[in-house]
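Okay, so here's the structure we're looking at.
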Amino acid sequence: QVQLVESGGGSVQAGGSLKLTCVSSVLNACMGWFRQAPGKERERVATIYRGRGLTSYADSVKDRFSISQDNDKSTIYLQMSTLKPEDTAKYYCAASRIFWEGQCLTAAKPSDFDYWGQGTQVTVLS
């Protein structure tokens, strides 16, 4: 059974930082972070192609967020800096069965990903 477990969410003042962690029971080549705010669609935040550690980001978080993995590749992280109130959302870790690098880095729809964690809430206070 595939399990993705997120942690690290919480409340933080605008301009602050948080680091989210996702422990995965699968070693899929393509992993990502999504977020969903109340009343809004789930949106991709960042993607990592594990084999080469290549990453891609949504424009709204580029230069503020960083996705990474640890050496044994069973854990991925999302380092979030310079947080804004509009970053408030539930953040989800996701794994995709996509194998190819280019396809992974352009995968942005929730339907591109096959396995999901339960999510962790991030609230940014103004």
Side-chain angles (χ1 to χ4, degrees):
Q1 183 178 353
V2 176
Q3 281 192 313
L4 302 169
V5 181
E6 306 97 334
S7 62
S11 295
V12 64
Q13 292 289 332
S17 300
L18 279 175
K19 186 174 185 177
L20 305 183
T21 299
C22 171
V23 178
S24 173
S25 66
V26 294
L27 296 177
N28 286 46
C30 187
M31 301 283 293
W33 287 97
F34 281 72
R35 68 186 181 187
Q36 187 167 20
K40 294 191 175 182
E41 293 186 351
R42 192 169 294 191
E43 62 172 354
R44 197 255 336 208
V45 174
T47 309
I48 186 165
Y49 183 70
R50 287 179 148 181
R52 296 176 61 195
L54 299 177
T55 59
S56 66
Y57 298 91
D59 288 342
S60 59
V61 305
K62 205 171 290 184
D63 299 327
R64 298 190 299 121
F65 290 13
S66 177
I67 186 171
S68 61
Q69 61 186 352
D70 68 8
N71 288 338
D72 71 10
K73 300 181 182 178
S74 64
T75 303
I76 64 168
Y77 306 96
L78 185 69
Q79 176 67 54
M80 305 184 293
S81 303
T82 320
L83 282 160
K84 305 174 181 179
E86 51 263 43
D87 294 319
T88 294
K90 196 164 190 179
Y91 284 70
Y92 296 89
C93 177
S96 173
R97 288 196 291 258
I98 289 173
F99 181 78
W100 301 109
E101 171 186 311
Q103 189 178 3
C104 174
L105 296 176
T106 57
K109 301 187 300 294
S111 58
D112 291 327
F113 290 77
D114 303 284
Y115 308 105
W116 295 86
Q118 298 290 342
T120 185
Q121 179 68 36
V122 171
T123 302
V124 184
L125 306 171
S126 57

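Side chains are part of it too, since the values below use all heavy atoms of this structure and drop only hydrogens, waters and symmetry mates. Positions are given from 1, in the same order as the sequence printed here. Model, not experiment: these values are computed from the prediction.
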### Task
Please examine the side chains of Y92 and L4, heavy atoms only from C-beta on, and report whether any two atoms are closer than 4.5 Å.
no
### Query
Could you state the interatomic distance from SG (C30) to CG (L105), rounded to the nearest 0.5 Å?
7.0 Å
### Task
Taking all non-hydrogen atoms of both residues into account, name the closest pair between A89 and A37 and its distance.
CB-N, 3.8 Å
### Task
Report the distance from atom OG1 of T75 to atom CE of M31, rounding to the nearest 0.5 Å.
9.0 Å
### Query
Same cluster or not: are L20 and I48 linked, directly or through other Ile, Leu, Val, Met, Phe, Trp or Tyr residues, by side-chain heavy atoms under 4.5 angstrom apart?
yes
#### Entry: Connected via hydrophobic side-chain network under 4.5 Å: Y77 and V61
no
### Query
What's the spacing between L78 CG and Y57 OH if we round to 0.5 Å?
7.5 Å
### Task
Could you grab the distance from atom CD1 of I67 to atom CE of M80, nearest 0.5 Å is fine?
12.0 Å
### Query
For the hydrophobic clusters of this structure (ILVMFWY residues joined by side-chain heavy atoms under 4.5 Å, transitively), does one cluster hold both V2 and W33?
yes
### Task
Could you tell me the separation between the CH2 atom of W116 and the CD atom of Q118, rounded to the nearest 0.5 Å?
12.5 Å
### Query
Side chain of Q36, backbone of K40: donor and acceptor closer than 3.5 Å?
yes
### Task
Examine distances only and state if a side-chain atom of N28 and a backbone atom of A95 form a donor-acceptor pair shorter than 3.5 Å.
no
### Query
Where is the tightest heavy-atom contact between T82 and R64, given as atom of each residue plus distance?
O-NH1, 2.9 Å
### Query
Does the side chain of T88 reach to within under 4.5 Å of the side chain of R35, using non-hydrogen atoms?
no
### Task
Would you please test D112 and R44 for salt bridge (Lys or Arg N to Asp or Glu O under 4.0 Å) and show each step?
CA-CA 10 Å; D112 291 327; R44 197 255 336 208; over 6 Å; no
### Task
For the residue pair C104 and T47, establish whether any side-chain heavy-atom pair is separated by less than 4.5 Å.
yes
### Query
Where do A94 and F113 come nearest, in terms of heavy atoms and distance?
CB-CD2, 3.7 Å
### Message
If I compare all heavy atoms of I98 with all of A107, which pair ends up nearest, and what's the gap?
### Response
CD1-CB, 3.8 Å
#### Entry: Listed partners of Y49 passing ring pair (Phe, Tyr, Trp, His ring centres under 6.0 Å), at least two apart
none
#### Entry: Donor-acceptor under 3.5 Å (E6 side chain, C93 main chain)
yes
### Task
Hey, can you tell me if F65 and Y91 have their rings parallel, tilted or perpendicular (30° and 60° cut-offs)?
tilted
### Task
Look only at the side chain of Q69 and the backbone of R50, and say whether a donor-acceptor pair between them is shorter than 3.5 Å.
yes
#### Entry: Pairwise distance OG(S126) to NZ(K84) - rounded to 0.5 angstrom
14.0 Å
